[in-house]
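Below: the structure, in structure tokens.
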Amino acid sequence: MQLDFGMMTKYMPYFFRSLGVTLQLTAASLLLGIVISIPLSLIKLSRYRAVRAIGTFYTSIFRGVPLLVQVFIVYFGLPQLIGPSFTFSAFQAGCITFAFNSAAYISESLRGGIMAVDVGQREAAMALAVPYGKMMKDIIFPQAIKSVMPSLVNEFIGLLKNTTLISTVGLVDVLRASQMVVSDTYRAFEPYITAAAFYYVLVMAISFLGKQLERWVNKSDQR
């Protein structure tokens with residue numbers, strides 16, 4: 001069978017609508033994941049072993065269980081546990097799952113970034129009686145985030161690609177859109193290559209923006 005990418009033209013608006021869903025899910029999950037990862041990274045740095053164990057256990061769960069299984073637990077399992085009247089939409093289930101999963105990995109990067117900050121700065125802040133919360137917010141975290149920025153970009157890219165799993169519970173993202181085009185046209189190569197092209201362009205754009213942000217941060221440090 002000869003390839004016919006021309007037939008994909010009429011499906012492009014459909015792909016672009018699904019692209020918006022993919023970007024919204026990725027952005028919402030990443031932002032929520034970062035918010036969760038900040039206190040989680042501090043838990044992992046606690047002076048108390050029992051508190052650190054909580055953070056370690058959290059990370060081990062999300063590292064040890066396949067992401068697709070996590071999606072199914074949130075989408076199908078939690079409504080059964082909480083009650084039939086309580087349900088998640090596919091978007092909400094994806095956002096919750098990907099956010100908590102990303103938090104486990106981002107918190108590890110943040111923990112490494114915090115530990116990499118010169119201990120002398122922390123000692124100086126303590127000598128000046130700077131409150132712990134203010135010290136972390138104004139001195140430690142800004143430097144830690146700069147050092148882990150490449151890891152955050154990689155997590156962003158990984159999260160974008162992992163959102164394809166949400167198509168298994170019915171959310172019409174880019175992958176699901178391509179599957180529906182396959183069902184409509186009985187042709188697989190053109191729709192899946194189109195979906196692959198969308199993801200490739202997105203990943204390249206994120207990589208480019210990440211590098212530009214790193215250069216901007218490095219220039220600001222030199223000033």
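Predicted model, so just to flag it, every value in this text is computed and none were measured. In what follows, every heavy atom counts, from backbone to side chain, and hydrogens, waters and symmetry copies are set aside.
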Point to revise | Contacts of T164 that satisfy side chain to side chain contact (heavy atoms under 4.5 Å, CB included) - sequence neighbours left out | key: D173, L175, Y199
Check your understanding: How is the hydrophobic cluster of V51 composed, in terms of its other members, when Ile, Leu, Val, Met, Phe, Trp and Tyr link through side-chain heavy atoms under 4.5 Å apart, directly or indirectly?
Key -> I43, Y48
Check your understanding: Going by heavy atoms in the side chains, are M8 and P191 under 4.5 Å from each other?
Key -> yes
Please output the side-chain donor-acceptor pairs of residues 107-114 that fall under 3.5 Å, not counting sequence neighbours, one pair per line with the distance.
residue, atom, partner, partner atom, Å
S107, OG, K44, NZ, 2.7
S107, OG, A103, O, 3.0
S107, OG, A104, O, 2.9
E108, OE1, R111, NH2, 3.2
E108, OE2, K44, NZ, 2.8

Point to revise | Exceeds 12 heavy-atom contacts within 6.0 angstrom, atom CE of M115 | key: no
Review point. Hey, what do you get for OH (Y14) to CG (D184), rounding to the nearest 0.5 Å?
Key: 9.5 Å
Revision key, fill the gap. Residue set satisfying ring-ring contact (aromatic ring centres under 6.0 Å, His included) with F86, at least two apart, ordered chain then number -> F88
**Study point:** Partner set under side-chain hydrogen bond (donor to acceptor under 3.5 Å, both in side chains) for E214, not counting sequence neighbours
**Key:** none
Practice item. Report the residues that fulfil side chain to side chain contact (heavy atoms under 4.5 Å, CB included) with L209, sequence neighbours left out, ordered by chain and then residue number. Key: none
Point to revise | side-chain hydrogen bond (donor to acceptor under 3.5 Å, both in side chains) involving N154 - partner list, sequence neighbours excluded | key: none
Exercise for review: Side-chain contact test, heavy atoms from C-beta onward, threshold under 4.5 Å: evaluate it for T194 versus V181 and give yes or no.
Suggested key: no
Ignoring hydrogens and angles, write down the donor-acceptor pairs under 3.5 Å from the side chains of residues 89-101, residues two or more places apart or on other chains.
residue, atom, partner, partner atom, Å
S89, OG, Q92, N, 3.1
S89, OG, Q92, OE1, 3.4
Q92, OE1, S89, N, 3.0
T97, OG1, A93, O, 2.7
N101, ND2, F62, O, 3.4
N101, ND2, Q70, OE1, 3.2

Practice item. Could you list the residues that satisfy ring-ring contact (aromatic ring centres under 6.0 Å, His included) with F189, not counting sequence neighbours? Key: none
Exercise for review: Would you mind reporting whether S41 and F141 have side-chain heavy atoms less than 4.5 Å apart?
Suggested key: yes
Point to revise | With Q212 via side chain to side chain contact (heavy atoms under 4.5 Å, CB included) - residues at least two apart | key: F208, R215
Practice item. State, to 0.1 Å, how close E190 and M7 come at their nearest heavy-atom pair, and which atoms those are. Key: CB-CE, 3.7 Å
Practice item. Using atom types as modelled and distance alone, determine if a side-chain donor or acceptor of S46 lies under 3.5 Å from a backbone N or O of L42. Key: no
Review point. Taking only residues two or more places apart in sequence, or in another chain, which ones meet F16 in a ring-ring contact (aromatic ring centres under 6.0 Å, His included)?
Key: F198
Review point. For F72, what residues pass the ring-ring contact (aromatic ring centres under 6.0 Å, His included) criterion, not counting sequence neighbours?
Key: F76
Check your understanding: Does the S29 side chain pair with the main chain of T26, one donor and one acceptor, at a distance under 3.5 Å?
Key -> no
Check your understanding: Taking the side chain as C-beta and beyond, is there a heavy-atom pair between F5 and I193 under 4.5 Å?
Key -> yes
Check your understanding: Atom OG1 of T163 and atom CG of L67: how far apart are they, to the nearest 0.5 Å?
Key -> 10.0 Å
